[in-house]
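Comments concern the structure below.
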Amino acid sequence: MDLIESYKEELQLIRKPWTRVWVGAFVLALLLLPWYAPEHITYVFSIIFIYTVGVQGQNLLIGYTGQISFGQAGFLAIGAFTFGHLSRLGIPWPIGLLGAGLAAGLFGLVVGFPSLRLKGPYLAIVTLGFGVAVYQVFVNSEVLSGGRMGMIIQKLSPHFGLSRITYNYYFNFLIALLFTLVSYNIISSYMGRAFIAIRDNDIAAEVIGVNLTFYKLLSFAVSSFYTGVQGGLYGLFLGYLEPNMFTFMEAITLFVAVIIGGLASVEGSIMGAAFVILVPQVFSSFKEMVPVVYGVTILIVLIFEPYGLYGRWFKMRLYFRNWPFR
Amino acid sequence: MTALLKIASIETLYYDRIYALQGLSLEINEKEVFTVLGPNGAGKTTLLKTIAGLLKDQPNKGTIQFMGKRIHRLAPERVSRLGIVYVPEDRGLFRELTVKENLDLGCWGRKDKGIHDDFEFIYQLFPILKERSKQQAETLSGGEQQMLTMARAMLRRPKLLMLDEPSLGLAPLVARHVYDALSQISQAGTTILLVEQNARMALRIADFGYIMESGRIVLEGTSKELQENEDVQELYLGLGGETVSPKGWRLYKKRRTW
Amino acid sequence: MTNFFQYVVSGLSTGSIYALVALGLALVYRSTRILHFAHGDITTAGTFFAFTLLGLNLHFWPAFILAMVFGALIAMTFYFCVLVPAQRREATQLGQIILTVGLGLILQGLISYFGGTEPQSFPFPLSDTKIYRLGNVVISELSIGTFGIGLLTCLFLYLLVQKTRLGLAMRATSENLPAAQTMGIPTRGILALSWGLAAALGVLAGLFLAPTLLLDPFFMLEPFLKGFAAAILGGLNSLPGAIIGGLILGVSESLAGGFISIAFKNTFAFLIIILVLLVRPEGLLGEEFIERV
Ligand SMILES: Nc1ncnc2c1ncn2[C@@H]1O[C@H](COP(=O)(O)OP(=O)(O)O)[C@@H](O)[C@H]1O
Ligand SMILES: [Mg+2]
């Protein structure tokens, strides 16, 4: 699309001055949102930010490295409950979140091992089995899941004279922003290119010197780190956890977000997260129709727009930039 | 005599941008053997696949007519049902099925009485297939596989039989056997379009030949004309050239006339 | 020891359900190389359809047959109206798998909308409580029926695939699609038929499962995952593998539930599969299609 002339330019996050303006305006709009939007919108956006983290992680795995995982709910649960236990021990949230990510990442490594031998459907079933196993462990072990009534977590107490909702909003916004920047960094580094090489042809990638074992495992670890952090954020936000939040459907929701947003795109992940959170809100009086909307969107996206919402956006942008020429 | 197959300036592309055939035309008459010769990558396989309809939405331009009806961009099943049978380079066998099952699939869609006679005919051409009928196609030798795929093609009673390099990877003796069978098939009245690199063998049984290079027909003529053409002799038959230089080597590459 | 046989017998009965589901998945994978994530939802749709028909006072057997046809129609419609266009647009394999996820979500929503999410009990001609004794082993009428139907279906499928011309064409199409096309075999039709047949088998499994579980829009989720696991265990492209995988999974799960812990029944099943896959990445009887670089 645009000619990149130097390595420095390639590394730049935002290349066009106008894009800079747009992104700035967008971020500013988000920053000011709690001051003009009704409270429940602020609330919903906070959840979107939380999901953004996990969807980006999932996209790193599926979209960039090309490894299917249906076990994401398992990582989510591990992250959430790790965070819960740490927070009950009185450990402050930054360390708690880090712990949540690390615990999930560690399990990601374990699940990643089969990926060294298994492909496609076989890997899908192993990750799926992992998700089911984690769910059952939490359901059956009250020690881990914090008892029959679920686990109560101390919520963040607001500072700076902000209301709780506003404070939570800014908190999650900043964390989502941080993870988005990290994602951009990953994909434009050697690591990201190694992931893409593995996705496009793992044998060829190995031949040109990508350490397959290392990068496949790394991809699993990083992706589950993200997902684990999402779990922790979720627990912190809701102040309450129970195993039923982490069923197979949750894994499917993350999966759907990646597909609809657009495989292998950070912006897409954000759009996808917004999609899967907003649709249930819009259709709140027709709960049954939510999966139908997801499904129909998937069909449309895959048949007509394989690059997802981001691809559509990209084409629209190109169209307007070149208008009236085509 | 009207042409059985008439191809008019077709273009075939891979991935919408790699030209494999560029404005190629040829005609094939009934009951004759036609051969298309050319080096690797000339587009011979692409030509046959285009005719058979195996390349989706190709040819991009041009027309193909078979017995007066247009067949370009038809589904391969439809092309096949019109009586055009394609024997691919990799032989297209069902490797996990037995020899007999492969042959039975050749009769797909046929219910006439002639099936029995056709089996007789192919077993007489290739007696070995009868012995091997319970064996998996995968376990046959290369020559036997080629015979099986030709036999299976004959069971479809082809009006036009297209073969892609039938001698590929075969020992000379086996290749000769295959070619003997081909000339018998031709004598029985089947039109054959034969793609080959082995020009000598192909021209021996062909009535008419085309030379193809980088997606175009560069020379055509009867088999005899081609065999007498100096360029063909040098480039495809490995004749001539020795006498060009008194010292035994040549200072420059001879310019082709096409 | 009696316990052991008791667990094996009940495991064989659930195992034949898994085998039916796995057979459908294997049929689809063999012919189109697609992991069919909507299989469970098609099954649920078919079972709900049967439930509705029974509610209209239709007799059992016609209702069941119509339900299987209904499931098959959904699958074939999906094949022709979604997969074929997607393939024409060069959808990747992952893309086609995701399409089935999409179909699954749509069906799931529609079933919840039309069928309601309340669990309902499913009337059935065979009784769950009528019990036969074989020595010390107890077996219900329904279990016998389930196992019997499983056996019959396997026999039917074996005859269809191995002994008929149609089966020959199915095997040919799944092995070498372009060659089958040049033989003039109507490959689209054959592939659609495989999808339809798979769905019918799934609905059959759902019908025999519904009386023991309560019928709700998610009642097939777990059996579907198990069937999936069974198919993988046996090797996704092998039909005998699907049957064996289903039976092994059913029996081992029942034994694990009986002797180790009922709570971790599901986990245990997946554990077995992961272990098998680590030793044989392409399943017990499977041969993965060769990949060229
Ligand atoms: N599947 C393909 N994708 C892209 N290009 C191809 C493909 N098959 C063949 N080609 C190209 O088309 C040209 C003709 O190939 P082919 O018909 O196989 O030649 P021949 O059979 O005469 O050796 C070659 O340049 C080749 O690189
Ligand atoms: Mg060739």
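Just so we're on the same page: letters track the sequence lines, and every chain starts at 1.
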(message) Quick check on the structure: residues of residues 246-253 of chain A within a heavy-atom distance below 4.5 Å of chain C, by number.
(response) F248(A), M249(A), I252(A)
(message) Only heavy atoms, only distances under 4.5 angstrom. Which residues in residues 60-78 of chain A are near chain C?
(response) I62(A), I68(A), F70(A)
(request) Determine the interplanar angle of the F70(C) and F49(C) rings, folded into 0 to 90°, and report it as parallel if under 30°, tilted if 30 to 60°, perpendicular if over 60°. (result) parallel
(request) Check the angle between the aromatic planes of H36(C) and H39(C) and answer parallel, tilted or perpendicular using the 30° and 60° thresholds. (result) tilted
(message) Measuring only between side-chain heavy atoms, which start at C-beta, is V84(C) closer than 4.5 Å to Y79(C)?
(response) yes
(message) Are there over 12 heavy-atom neighbours, none belonging to F80(C), within less than 6.0 Å of that residue's CZ?
(response) yes
(message) For V139(A), which atoms come within 4.5 Å of any heavy atom of chain C: side chain, backbone, both, or neither?
(response) neither
(message) Please classify the contact between Y135(A) and chain C as side chain, backbone, both or neither, with a heavy-atom cut-off of under 4.5 Å.
(response) neither
Winner by heavy-atom pair count (cut-off under 4.5 Å) against chain C, out of [options]:
| options | value |
| --- | --- |
| V292(A), V296(A), V132(A) | V292(A) |
| Y294(A), F255(A), F286(A) | F255(A) |
| V134(A), L128(A), V293(A), V290(A) | L128(A) |

Short side-chain to backbone donor-acceptor contact, [X] and [Y], under 3.5 Å:
| X | Y | answer |
| --- | --- | --- |
| S115(A) | V111(A) | no |
| T32(C) | V28(C) | yes |
| T127(A) | A124(A) | yes |
| N59(A) | L263(A) | no |
| S254(C) | Y7(C) | yes |
| Y113(C) | M289(A) | no |

(request) Give, as side chain, backbone, both or neither, the part of L35(C) having an atom under 4.5 angstrom from any heavy atom of chain A. (result) side chain
(message) Can you tell me which portion of L107(C) sits under 4.5 Å from chain A's heavy atoms? Options are side chain, backbone, both or neither.
(response) neither
(request) Could you tell me which non-hydrogen atom of G54(A) sits nearest to which non-hydrogen atom of L254(A), and how far apart they are? (result) C-CD2, 4.3 Å
(request) Show your working on ring-ring contact (aromatic ring centres under 6.0 Å, His included) between F114(C) and F48(C) and close with a plain yes or no. (result) CA-CA 9 Å; F114(C) 290 111; F48(C) 263 89; over 10 Å; no
(request) Verify whether the ring centers belonging to F37(C) and F228(C) lie closer than 6.0 Å. (result) yes
